[in-house]
Amino acid sequence: MKQKLLWLLVNLCRFVVAAAFIFSGVTKMIDPHGVEYKLQDYAEAFGLASLMPSTVAIVAGMLLALVEFRLGFCAFFGIYRRITARILLVFMLLFTPLTLYLALTNPVTDCGCFGEALVLTNWQTFGKNIILLLCTIVMVVWGRTRQLRIISESRQWIILIYSQIFVLCLGFYALWRLPLVDFRPFHIGANIPEQMQDGGDAEFVTTYLMEKDGKQQWFGLEDYPDSTWTYVDSKTEVIGELIPAAIDNLQMYDQTTGEDLTDMVLADEGYTFLLISPSLEDADDGHMDAYNRIYDFCQANDYRFLCLTSSNDSCVVRWQEMTGAEYPFCHTDNLTLKTMVRSNPGLLLLKGGVVIGKWPFTDMPDIDEDSPRLEQSELGRLHVEGNAKMALKFFLWFIIPLLVVTFLDRVWWGTSIVINRMRKKHNIVKQLNKKTMRKKIVAGNWKMNLNLQEGVALATELKEALAAEKPNCDVIICTPFIHLATVAGITEGTVIGLGAENCADKEKGAYTGEVSAAQVKSTGAQYVILGHSERRTYYGETVEILKEKVDLALANGLKVIFCIGEVLEEREAGKQNEVVAAQLESLYHLSEEQLANVILAYEPVWAIGTGKTATAEQAQEIHEFIRGIIAGNFSEKAAEEISILYGGSCKPSNAKEIFSKPDVDGGLIGGAALKCADFKGIIDAWN
Ligand code: PEP
């Protein structure tokens with residue numbers, strides 16, 4: 001439950017951060033000039049105006065927008081989750097104190113974090129940043145594995161590159177033409193006089209402080225007192241909500257007469273072209289013929305044409321001389337001009353105060369004095385694409401390819417999961433099939449324990465136990481030589497196989513104290529353990545000696561339980577594979593038919609009689625390796641058929657887990673084979 005809540009919290013935070021950063025990046029990128037002006041405002045407020053010329057501000061603004069967008073995008077899709085969360089946190093740790101400072105000192109009124117799309121006060125921005133900071137902390141602390149991935153790692157680069165290119169195109173489009181979505185109050189279709197009016201239901205109420213006979217009292221207009229009262233003071237209060245006008249500083253003063261033409265231009269029901277240039281010094285003059293042709297068109301058709309600029313008269317004269325401009329000029333506030341159109345110069349067509357059209361200098365309307373009148377042409381008609389429609393268009397252009405790629409990725413991902421599951425299931429079944437083909441064996445190695453009577457008692461007890469409950473595997477007991485003949489009489493005709501713990505490396509003759517393979521066989525035993533680590537260590541049995549023993553045992557019709565395994569130092573040095581491969585050399589000369597009578601027993605020496613067991617995984621790993629060696633030296637078939645037992649502190653409590661591994665076919669048991677209950681417990685692991 002707690003985990004689920006944490007998961008929800010992490011993903012909620014991550015989507016909040018993603019939405020804020022994507023929106024912030026896109027709204028900035030849509031309007032690089034807007035960000036340029038904002039950065040210049042900041043630079044000026046901090047006395048660093050000289051460090052922020054136009055080009056620097058545009059590049060910095062676009063980089064900032066790109067970084068914000070990329071971070072938001074990565075957070076949204078769950079791309080580079082850890083690094084993204086960390087960078088976001090660093091970002092927020094930098095910007096939150098900065099916005100607090102801005103809120104306290106108010107050097108610029110609107111922070112500009114969402115461009116012109118959503119204007120926030122500095123305190124609102126600070127509040128927003130506190131929320132984002134908390135969200136990024138959640139992402140860093142708990143989000144490493146909990147952020148849901150929306151696209152697979154192998155394909156994330158496709159959408160990342162696509163989205164970055166798309167968003168950069170948005171910026172370059174805005175620089176070359178105009179912002180794709182116009183959030184300013186001069187957008188096409190905007191009614192400028194309406195945008196110049198305050199909104200809300202605010203009322204201005206004035207009250208007056210009057211005095212009579214030394215007594216002062218406040219009056220409203222409705223109860224204004226007679227002339228016996230004298231006026232002292234007054235105050236005006238705003239009652240209700242006042243929404244300030246979107247356009248608060250639009251005036252057009254004729255450059256030659258100084259006359260304010262604003263009302264006349266905005267009220268004009270005919271067409272007016274406004275050529276807008278915040279500064280003629282920096283304006284593009286490469287398209288001056290187009291500006292002049294449009295002016296000629298206006299002259300021929302009796303439309304108004306004004307050039308609005310905040311440049312001084314000498315700049316106007318220079319422009320006239322340079323471009324041959326004959327049109328009249330008006331002075332207008334610089335910031336307002338920059339807001340009107342993001343191009344220097346840009347062109348606005350007004351009719352009845354409504355913006356009918358808007359063009360950057362790179363895309364001036366192709367008209368001259370012979371062109372049809374605006375009343376009869378498309379140009380003069382208002383095509384309100386509308387901000388919402390335009391935004392939707394943009395959104396779809398961006399989102400549809402993204403959705404398609406993401407959808408295909410998810411389908412691919414889902415399919416590969418199903419295929420993998422099926423493959424895994426198939427592999428398990430295959431492994432199990434292979435395993436069930438092989439003999440499952442539990443063999444006991446009594447070593448030099450138990451006298452004859454004790455051995456007989458143990459063999460008898462085991463025989464009875466297994467008669468009562470048939471084992472699900474082959475059972476073998478390997479006893480000292482002195483037990484063999486007697487125990488053979490007990491095990492004969494039962495499920496229990498009998499083996500010796502060793503045999504001589506000589507066929508027969510004067511080898512005092514030795515017991516040959518033939519002699520072992522003659523007791524009724526069917527198996528012999530060879531290569532046990534104790535014999536290798538204490539009796540110096542080498543690969544060559546064991547080779548002889550194996551040959552003699554097989555030649556005498558005994559099945560060999562061949563032991564291999566590394567010592568602790570070899571395991572610690574990671575040499576276990578090398579060691580067992582070398583020990584197996586005693587078998588490489590055998591034919592496949594001979595190998596069919598060999599059972600392998602992997603017994604890590606550090607686990608024999610020590611109570612330390614190899615983990616089931618360690619056992620599986622090396623058993624798989626051993627099977628691989630057999631496949632390499634004999635054949636796949638031989639490898640699949642040979643039983644490989646595990647030995648080393650195997651007990652009823654761990655046998656089941658070890659035997660469950662696909663390449664473990666049973667166990668060679670030492671200490672636990674000396675008690676019937678323990679040995680039976682291990683045999684039962686196969687049930
Ligand atoms: C052994 O000696 O073969 C053996 C596996 O011993 P234990 O089970 O006692 O570790």
Side-chain angles (χ1 to χ4, degrees), residues 440-450 454-455 458 462 473-481 483-484 496-503 525 527-541 546 549-550 553 558-568 570-571 576 579-580 583-584 586 598-616 618-620 622-623 626 643-659 661 663-686:
K440 295 168 277 180
I441 300 165
V442 174
N445 174 13
W446 289 3
K447 307 194 181 181
M448 201 173 75
N449 294 300
L450 310 178
E454 288 165 340
L458 178 58
L462 184 66
C473 62
D474 287 3
V475 177
I476 304 164
I477 48 175
C478 298
T479 73
F481 295 125
H483 294 78
L484 285 176
I496 306 171
L498 180 64
E501 296 169 14
N502 182 28
C503 72
Y527 297 88
V528 60
I529 296 177
L530 291 176
H532 192 280
S533 62
E534 284 150 17
R535 293 215 56 89
R536 288 180 196 262
T537 312
Y538 307 137
Y539 303 99
E541 291 192 355
L546 287 169
K549 290 192 178 191
V550 167
L558 289 172
K559 290 193 169 126
V560 174
I561 301 175
F562 191 77
C563 302
I564 48 177
E566 79 286 355
V567 297
L568 188 60
E570 291 162 340
R571 163 70 58 169
Q576 62 274 20
V579 172
V580 295
Q583 291 169 341
L584 282 169
S586 305
V598 175
I599 296 161
L600 294 177
Y602 166 69
E603 297 199 308
V605 181
W606 46 272
I608 295 178
T610 59
K612 270 190 206 165
T613 329
T615 62
Q618 282 174 323
Q620 165 58 26
I622 197 151
H623 278 222
I626 294 166
S643 294
I644 308 178
L645 314 184
Y646 167 80
S649 299
C650 196
K651 302 180 276 272
S653 56
N654 59 21
K656 203 173 184 117
E657 197 196 342
I658 298 173
F659 294 176
K661 293 294 165 188
D663 285 298
V664 180
D665 304 308
L668 178 58
I669 318 300
L674 296 174
K675 278 198 186 132
C676 181
D678 287 350
F679 194 53
K680 171 79 168 39
I682 295 172
I683 294 167
D684 288 346
W686 280 119

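Counting convention: from 1, in listed order, for ligands and their atoms alike. For this chain, numbers begin at 1 and follow the sequence in order.
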For this session: Could you tell me whether Ala607 approaches ligand 1 through its side chain, its backbone, both or neither, with non-hydrogen atoms closer than 4.0 Å?
Result: backbone
For this session: State the CD1-NE2 distance between Ile529 and His532, to the nearest 0.5 angstrom.
Result: 6.5 Å
Problem set entry | Taking atom 9 (O) of ligand 1 as the reference point, the nearest protein heavy atom with its distance | Gly671 N, 2.8 Å
Exercise. Above 12 or not: heavy atoms from other molecules or residues under 6.0 Å from NZ of Lys559?
Worked result: no
Exercise. Does a salt bridge link Glu541 with Arg536, judged by any charged N lying under 4.0 Å from a carboxylate O?
Worked result: no
Problem set entry | Spacing of Leu645 atom CG and Ile476 atom CD1 [to the nearest 0.5 Å] | 7.5 Å
Exercise. So is Gly609 polar-close to ligand 1, meaning N/O to N/O under 3.5 Å?
Worked result: yes
Seminar exercise, completed: Of all heavy-atom pairs linking Gly647 and Pro604, the shortest is O-CD, 3.2 Å
Exercise. Would you call the rings of Tyr602 and His623 parallel, tilted or perpendicular if under 30° counts as parallel and over 60° as perpendicular?
Worked result: perpendicular
For this session: Look at ligand 1 and say whether Ser649 reaches it with a heavy atom at a distance under 4.0 Å.
Result: yes
Exercise. Starting from atom 3 (O) of ligand 1, which protein heavy atom do you reach first, and at what distance in Å?
Worked result: Glu603 OE2, 2.6 Å
Problem set entry | Closest non-hydrogen atom pair, Glu501 against Thr479 | OE2-C, 3.2 Å
For this session: Could you tell me the residue and atom name of the protein heavy atom closest to atom 8 (O) of ligand 1, and the distance to it rounded to 0.1 Å?
Result: Gly670 N, 2.9 Å
Problem set entry | Min N/O separation Thr610 to ligand 1 under 3.5 Å | no
Problem set entry | Nearest-contact summary for atom 2 (O) of ligand 1 - protein heavy atom, Å | Lys447 NZ, 2.5 Å
Exercise. Hey, which atoms in ligand 1 end up nearer than 4.0 Å to a heavy atom of Gly648?
Worked result: 5 (C), 10 (O)
Exercise. Between Asn445 and ligand 1, which residue portion shows a heavy-atom distance shorter than 4.0 Å: side chain, backbone, both, or neither?
Worked result: side chain
